[in-house]
Each structure stands twice: as structure tokens, then as C-alpha cells.
Amino acid sequence: MDSKYSAVAGVKDAKTNNFKRKFVNIIENNVKKVKLSQPDYKLNNVHGTNKNYKQTIVKEICPVNMQEARKRLPVLMVRSRLIQEIRNNLTMILIGETGSGKTTQVPQIIHEARLEGLGSIAVTQPRRVATITIALRVAAEMNTEIGGYVGYSVRFEDVTSPKTKVKYLTDGMLLREAIMDPLLKKYSVIILDEAHERTVNTDILFGIVKLAQKERIVKKLSELKVIIMSATMDVDTFRKYFDNCPVIYLEGRSYPVTIYHSKMKQEDYQYAALCTIFQLHATLPSEHDFLVFLTGQEEIESVMYNIKQIAKEAPGPLIKVCPLYAGLPAAKQLQVWKDPPQGTRKVVLATNIAEASVTIPRIKCVIDTGVVKERTWCTRTGAERLRVTRCAGAACWQRAGRAGRTAPGAAYRLYTVADLKARPPHSTPEIVRCPLAPTILLLIAAGMDPVTFPLIDAPSSDSIEASLVLLKELGAIDSESNPKLTPIGKKMSAFPIDPKYSKILLSAPEYGCLEEALSLVAVLSSENVFHTPMHKREEALKVKQKFISPLGDHITLLNVFKDFCKAPLKKQWCKENYLHHKNLTYASEIRHQLLSICQRLNLTVSSCGNALDQLLKCLLCGLFTNCAWLRSGAGGEGKSIGVGRYVTASGAGASLHPAGALHTARPLPPAVLYTELLHTRRPYLLTVSAIQPHWLHRAAPEYARRCHASR
DNA sequence: GAGCACTGC
């Protein structure tokens with residue numbers, strides 16, 4: 001039996017002899033059984049918002065016995081208590097496991113009791129797709145048209161009317177509304193759902209609603225009820241933050257999930273995952289689908305290759321492997337929801353996209369590596385870092401729960417019980433590990449003081465300071481202490497994008513290149529447009545050549561976008577060119593939105609034609625802090641010094657990323673403009689264009705002087 | 001000469 005496992009390829013230290021041993025260790029340790037919950041209404045990852053999509057959803061989420069199913073929801077058992085608590089308190093916390101029905105039922109309960117009075121009820125969600133599907137579900141349950149009493153609002157799509165009393169919206173949308181009206185006067189009840197996820201937007205909203213409650217009392221306006229809803233969370237922290245408000249716990253309806261822990265520490269989790277997959281594969285019936293949590297595209301592709309190799313000789317049914325990560329084109333993601341042929345087992349290899357964002361049916365068995373790829377930010381150099389870390393306890397439980405959505409299941413954890421206990425219970429909230437300039441600009445625009453603004457977990461003062469300095473340099477605020485928006489800052493905050501990018505758009509008329517700047521900023525604000533599958537890398541790179549500009553990556557992206565707009569059959573064209581149709585479509589929607597804001601601000605939209613250096617100079621107006629200079633003696637074919645050939649304004653060393661357009665350029669440009677400084681294996685400059693050093697003096701004279709003095 | 005987790009306006 002051992003010999004067949006020598007087929008393991010591409011996995012480090014894949015030693016045949018310990019395959020069996022590890023495998024047995026993982027399986028023997030039935031540590032404890034826990035009950036986890038049944039599914040809620042959140043639907044699968046259905047992308048796009050066209051008409052077909054909505055019809056499909058309505059069909060799927062409205063079973064004939066919907067009213068019967070509703071009656072059994074745990075939340076309805078506490079209905080009268082809930083109404084009473086809401087009447088008596090300004091704020092409350094509702095803890096409910098998945099399947100308790102809180103997201104769909106609580107707003108209906110409030111509306112049926114007319115607790116919202118003359119105002120309306122807002123329910124926030126962190127994700128677009130969930131926002132839309134839940135709103136459709138609730139409209140169906142209330143037997144009304146969507147956009148009537150029940151509506152939703154997400155970016156690019158507002159399906160509400162003056163009649164709307166229950167409005168589902170993304171937390172980002174409510175935040176945008178708060179800029180226009182920080183007291184959120186049209187709402188009498190605001191429900192912040194999925195609070196445990198602690199996204200930047202929800203964290204900010206906690207503070208906004210808290211201040212709005214107080215201010216409304218001071219101004220003798222109608223009161224604002226706030227309900228915080230969450231699965232599991234650090235209740236004490238939240239309670240303290242919300243002045244010891246009452247907490248109601250809801251039971252979830254649950255299927256049991258049996259948890260198995262590894263007995264000993266696994267040195268190589270990829271290898272351990274493969275061992276576990278094939279151990280289980282040999283014993284479990286083929287209808288039991290597997291879900292394996294991994295960290296990224298490369299890892300998923302590598303494990304997929306190994307599974308296919310081993311499966312050729314391993315005992316057990318046929319295997320269908322489905323990769324699932326956000327960067328995978330939508331058409332390929334859909335494979336995950338297709339039932340495999342009779343007698344074939346589906347093995348889904350997913351990133352933490354499968355943890356909360358999407359739900360896969362029929363998963364009976366979760367294999368959890370216990371790791372996640374996390375992005376952190378360095379205040380001093382502005383460098384971001386992607387690294388694999390052990391995920392928090394809450395994430396481990398969330399992953400295990402994915403096995404018990406439709407029936408009892410099992411979760412195999414490739415880490416020990418001691419390891420689990422040593423983990424932090426919750427992950428670090430996003431707000432303490434990301435760049436803050438966009439958030440701070442938004443707060444100032446909403447009339448808040450970013451320094452005293454109440455946050456549950458405050459970022460370091462260094463981080464806040466760095467963002468204020470940047471906003472001052474961008475001309476958005478007048479001073480770092482007691483900051484007020486400048487006229488430019490006010491315009492910048494009108495754009496739903498990073499302030500560095502809105503500054504580019506506002507500077508573009510001066511360079512006569514707003515046409516091009518809009519396209520480029522839209523692409524930069526979207527996701528990566530290139531898709532490079534491992535096994536077709538050569539071909540993908542060859543196809544990419546036709547877009548590449550000697551000026552660098554920015555013009556290359558512009559070329560891609562322009563050709564995309566001209567292409568008659570866009571889906572087909574994207575497939576042929578290894579481009580993401582979804583992300584390019586998204587970019588063109590963003591461009592449309594940005595254009596209408598520019599027109600509202602009376603900016604002159606003109607094209608610079610072939611004078612593309614105008615566009616690069618314009619980019620520098622927003623990205624002037626992102627310059628790097630070639631190290632002396634490091635040009636041409638010379639050996640790299642330190643960590644890279646370029647050095648940034650903050651003194652960080654970095655190299656041009658090998659996938660970039662300028663990587664093979666010789667001689668290397670003496671100065672470059674980069675969009676991102678990302679540390680993966682080494683620090684790399686991403687999305688880079690060549691610039692003339694003296695351009696910086698015109699784009700940001702003050703900054704250029706300081707920068708020159710310190711270099 | 002390497003590879004980018006996940007959301008959102």
C-alpha cells in the first residue's frame with residue numbers, strides 16, 4: 001500500500017513511510033462531539049444582479065411550506081420578550097447561532113409591532129449577495145413586492161422607495177449615508193448584523209450609531225433604537241462598549257458535528273491534509289462530500305494536482321476536485337454547486353471564502369488545516385504583508401460548522417487540542433491592521449473627530465497619525481490637529497474610492513486626461529484583472545504581451561480596459577485573453593459611477609490621446625508617496641543589494657515584481673511610481689510605471705522637497 | 001524571476 005503514495009509530488013518532505021502514521025493519528029482522536037447549527041437562508045454564491053438571477057433566487061428561497069418553516073424558528077419563541085426589550089431599551093445585543101432566523105425575522109417582528117413608528121428599519125450586512133438574497137426572502141415572506149415595504153440598497157443598485165420600512169443594505173452603504181446625515185434621521189431602528197465579523201465598516205458604524213443616539217437625545221429628536229446581532233462574539237467587550245445593554249441569546253437549530261483533532265503536531269499541513277483526505281476517502285460512502293480549508297490559489301492548485309495523482313491508484317470511489325477561491329473566474333466557481341455524477345465524491349478545496357461568504361451544500365466532512373492567509377500593514381513604510389498564520393478559535397468553529405449545514409457531519413482538524421486552546425479566541429479586528437486614510441477621511445466628512453471617535457478596538461496612534469499626515473499631504477484636510485476638510489477634501493470624500501485615487505481624478509482636468517484617469521482608477525479600484533492558472537502560465541503570459549506598454553503596468557492596464565470596452569463578445573474575449581470578465585465588468589461599473597460624480601462636480605472630461613506621460617504625471621498627484629528610486633550600482637545586470645534594487649521614500653528596499661511590465665526592461669528606469677508595496681516572499685513593487693524624477697516636483701512640491709532633503 | 005486571503009463604497 002505504501003508504494004502508491006510515492007506518487008505525491010510537489011509536496012515538500014512527502015515521505016512515504018510516515019504517510020500512514022500521520023493518517024492514523026489524525027483519525028484516532030475523537031475528542032468531543034459538539035452540536036452545531038442548521039442552515040439559515042443565506043444562499044450560495046450567485047454572482048451578478050440581472051433579472052434571471054433574481055427569479056432563480058426567489059424560486060430557491062421560497063419553499064411552498066415557507067410559513068410552516070417560519071413558525072419553527074427559535075427567534076419566534078422569544079418574540080414577546082424581544083418586543084419588550086426593544087421597547088424598554090435604546091440598545092440591545094442579540095446573539096443567535098445560524099438557523100435561529102434572526103436576520104430575516106427580527107425586522108419583521110419589529111415592523112409587525114410597529115416599533116419603528118414613523119421612521120424605517122435599516123439592517124446592515126457585510127456582503128452584497130447576502131444583502132440582496134435576504135431582502136428578497138423577507139419580501140416574499142411578507143408577501144410584498146421587493147422595493148415596496150421591503151427593499152435593499154447596495155452599490156450600483158438601490159431597490160427602495162419612499163414606502164420602504166425594512167431596508168437591507170451593506171454596511172458600506174449605510175456609512176455613505178452617514179456622511180450626508182450623521183444622525184441617520186430617516187431610521188428609527190438600526191440593526192447591525194454579523195457584528196462578530198468586525199469589518200472596518202461595522203466597527204465604524206458602532207461608533208456612528210452610538211453618537212447618533214446621544215446627539216438625537218440632545219437635539220430632542222426621535223430616539224434611535226440599535227440592535228447588534230451576531231453569531232458568537234466577545235459579548236463582554238460589546239456589552240461594555242454599549243453601556244451594559246441587555247443581551248438576548250437565541251438557540252440555533254442544529255445538526256451535530258463530530259470533531260476530530262490531530263494527536264500530534266503536523267509539520268506540513270498540506271501533506272497532512274492529503275493523508276486525511278485519502279484515509280477518509282477509503283472508508284466513507286461517495287455521497288459524503290469533503291471541504292478542505294487551504295490558504296490560497298497556489299496551494300489549492302498544488303493539492304489538487306496531488307489528489308489527482310494519488311487518486312489514480314488509491315482505493316475508494318471516483319473523485320471530483322473543485323477549487324474555490326475568490327480569484328477563480330465565476331464560471332469555474334460554479335462547479336462547486338454542481339452535483340457530481342452518481343458514485344463520485346466531490347472534494348472542494350477552498351480558501352476562507354467558504355468560511356462565511358458562501359455555503360456549499362452536502363458537505364459532510366470538513367478538513368481544517370487551521371491556517372489562513374492574512375494581510376497586515378506596516379505604518380512606517382506603507383508596506384503590506386501577506387502571510388500564513390494560524391486562524392483564531394472562532395474561525396476554527398466556523399469552519400467545523402460548515403459540515404453540519406444539511407445533516408450531521410464531521411470535522412477533522414489537522415492541529416492538536418492544545419494548539420486550539422493556545423489560539424486567540426477572536427481574530428484581530430481589521431481596523432487595527434489596515435491603512436486608515438480612507439476611513440479617517442470618511443469620519444471627518446461625517447463631522448466626527450477621528451482622534452476621539454469611540455471605537456471598540458482603537459488602531460495605534462501611529463497609524464492614525466500616519467493617515468492624517470497623508471490626508472494633509474493630499475490636500476484633503478487643513479491640519480493634522482483638529483482637522484477640517486478643505487474644499488478639495490470635500491470633493492474627494494464624494495468618491496467611493498481611496499483618497500489617493502480621488503485626488504488623481506480631481507487633478508486630471510489639469511493634465512487633460514480625465515478620460516484615461518477614470519478608466520485607470522476604475523481598474524485599480526477593482527480586483528486583479530489577470531487570471532494566471534498554474535498549468536497554463538506560459539500561454540497566459542504570451543497572451544498578455546499584446547497589452548504590455550513599455551511605459552509600465554498602468555498603461556498596460558489601460559490598454560486591457562480599452563480593448564475590453566471595444567470587444568463585442570466580452571465573455572469570450574476575456575476567456576481567450578486570460579482576463580477576469582467579472583472584475584473588468586465591475587471596473588466598468590465603477591467607471592460609470594465615478595464619471596457621474598465627476599460630472600456633478602463639473603470636471604472637464606477630456607482625453608490626452610497618445611500623450612500618455614500626461615496620465616503618468618497625473619497619477620503622481622495622488623500617488624506621490626509611492627515613488628521608488630533605483631539604488632546606485634544596482635542597475636542593469638548587477639547583483640541585487642539588500643532586499644531589492646529599488647528604495648522607497650520611506651527607505652524600504654523592494655524589487656520590481658517579476659510579473660510586471662518593467663521587470664525585463666533594460667536599463668531599469670531610475671525612478672518609478674508603484675501602486676502597492678507588498679511583502680510576500682520578498683518585498684515587491686506592484687503595478688509600476690517609469691517616471692521622470694523631476695515630475696514629482698510639480699505634482700507635490702512640498703513633499704518632493706522634504707523627500708529630497710531626507711534622501 | 002514569482003505567484004494575491006476576504007469584503008465594501
Side-chain angles (χ1 to χ4, degrees), chain A residues 45 124-131 153-158 169-180 194 197-205 293-302 324-328 350-358 371-376 384-389 391 395 427 430-431 433-434 438-439 441-442 445 493-499 501-502 522 525-534 537 540-541 580 583 586 589-590 593-594 597 640 644-645 655-660 662-664 675-676 678-687:
Chain A
N45 176 26
T124 69
Q125 290 291 315
R127 282 171 288 276
R128 287 168 56 93
V129 176
T131 308
S153 174
V154 297
R155 191 177 192 178
F156 312 132
E157 208 184 356
D158 183 2
L169 71 178
T170 48
D171 46 19
M173 283 305 283
L174 188 60
L175 216 46
R176 280 275 136 192
E177 289 187 11
I179 299 182
M180 307 307 292
E194 309 286 6
E197 292 193 22
R198 302 294 307 275
T199 64
V200 174
N201 289 345
T202 13
D203 269 18
I204 297 290
L205 282 173
F293 282 98
L294 294 163
T295 67
Q297 175 182 344
E298 203 185 29
E299 199 170 281
I300 286 171
E301 284 178 340
S302 145
L324 181 67
Y325 49 92
L328 195 69
T351 58
N352 57 343
I353 190 173
E355 205 174 283
S357 309
V358 302
V371 283
V372 67
K373 201 174 272 181
E374 198 184 55
R375 201 168 186 136
T376 53
E384 297 192 81
R385 188 185 280 262
L386 273 170
R387 67 171 127 202
V388 173
T389 53
C391 58
S427 34
E430 200 188 351
I431 200 162
R433 54 181 167 85
C434 74
T439 307
L441 180 64
L442 195 137
S493 67
F495 292 95
I497 49 174
D498 191 299
Y501 294 159
S502 48
S525 304
S526 176
E527 296 296 311
N528 186 12
V529 297
F530 298 106
H531 176 62
T532 328
M534 190 171 64
R537 199 182 63 183
L541 291 180
H580 271 292
N583 295 347
Y586 191 60
E589 284 186 289
I590 295 174
Q593 186 184 31
L594 299 178
I597 298 168
S640 65
R645 289 177 175 171
S655 313
L656 298 181
H657 193 275
L662 295 176
H663 183 253
T664 50
T675 312
E676 207 178 348
L678 186 72
H679 194 124
T680 48
R681 272 176 214 177
R682 295 162 59 195
Y684 287 108
L685 303 176
L686 302 184
T687 319

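Reminder, nothing fancy here: chain letters follow the sequence lines and each chain counts from 1.
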Determine: side-chain N/O of [X] to OP1/OP2 of [N], distance under 4.0 Å, yes or no.
{"X": "Arg682(A)", "N": "dA2(B)", "answer": "yes"}
{"X": "Arg128(A)", "N": "dC9(B)", "answer": "yes"}
{"X": "Thr351(A)", "N": "dC6(B)", "answer": "yes"}
{"X": "Thr170(A)", "N": "dC9(B)", "answer": "yes"}

Looking only at the side chain of [X] (C-beta and beyond, no hydrogens), which of the listed nucleotides [options] gets closest?
{"X": "Arg127(A)", "options": "dG8(B), dC4(B), dC6(B)", "answer": "dG8(B)"}
{"X": "Glu430(A)", "options": "dC4(B), dA2(B), dT7(B)", "answer": "dT7(B)"}
{"X": "Val154(A)", "options": "dC4(B), dA2(B), dC9(B)", "answer": "dC9(B)"}
{"X": "Ala326(A)", "options": "dA2(B), dC4(B), dC6(B)", "answer": "dC6(B)"}
{"X": "Leu686(A)", "options": "dC9(B), dC4(B), dG1(B)", "answer": "dC4(B)"}
{"X": "Leu386(A)", "options": "dC9(B), dG1(B), dA5(B)", "answer": "dA5(B)"}
{"X": "Arg645(A)", "options": "dT7(B), dG1(B), dC9(B)", "answer": "dG1(B)"}

Specify the separation, in whole Å, of atom [atom1] of [X] and atom [atom2] of [N].
{"X": "His663(A)", "N": "dG1(B)", "atom1": "NE2", "atom2": "C1'", "answer": "5 Å"}
{"X": "Asn583(A)", "N": "dC4(B)", "atom1": "CG", "atom2": "P", "answer": "16 Å"}
{"X": "Leu685(A)", "N": "dG1(B)", "atom1": "CG", "atom2": "P", "answer": "15 Å"}
{"X": "Leu656(A)", "N": "dG1(B)", "atom1": "CG", "atom2": "C1'", "answer": "11 Å"}
{"X": "Leu175(A)", "N": "dG8(B)", "atom1": "CG", "atom2": "P", "answer": "14 Å"}
{"X": "Asn528(A)", "N": "dA5(B)", "atom1": "CG", "atom2": "C1'", "answer": "14 Å"}
{"X": "Arg385(A)", "N": "dA5(B)", "atom1": "CZ", "atom2": "P", "answer": "16 Å"}
{"X": "Asp158(A)", "N": "dC9(B)", "atom1": "CG", "atom2": "C1'", "answer": "14 Å"}

Applying a 4.0 Å non-hydrogen cut-off, can you work out what [X] is touching in the nucleic acid: base, sugar-phosphate, or nothing?
{"X": "Glu374(A)", "result": "nothing"}
{"X": "Thr199(A)", "result": "nothing"}
{"X": "Glu527(A)", "result": "base"}
{"X": "Ser525(A)", "result": "nothing"}
{"X": "Phe495(A)", "result": "nothing"}

task = Quick one: closest heavy-atom pair of Arg645(A) and Ser655(A), and the distance?
result =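 Nearest pair, atom of Arg645(A) first, then Ser655(A): N-OG, 4.1 Å.
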query = Closest heavy-atom contact between Phe156(A) and Arg128(A)?
reply = CD1-NH1, 4.1 Å
key: Pairwise distance CG(Leu205(A)) to OG1(Thr199(A)) - rounded to 0.5 angstrom   = 8.0 Å
key: Distance (rounded to the nearest 0.5 Å) between Leu686(A) CG and Asn528(A) CG   =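 Atom-to-atom, Leu686(A):CG and Asn528(A):CG are 9.5 Å apart.
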query = When Tyr684(A) is tested against each of His679(A), His657(A), His663(A) for ring pair (Phe, Tyr, Trp, His ring centres under 6.0 Å), which residue passes?
reply =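 That would be His657(A).
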ask   = So, are Arg127(A) and Glu197(A) salt-bridged, with charged N and O less than 4.0 Å apart?
value =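 Salt bridge flag = yes for Glu197(A) with Arg127(A).
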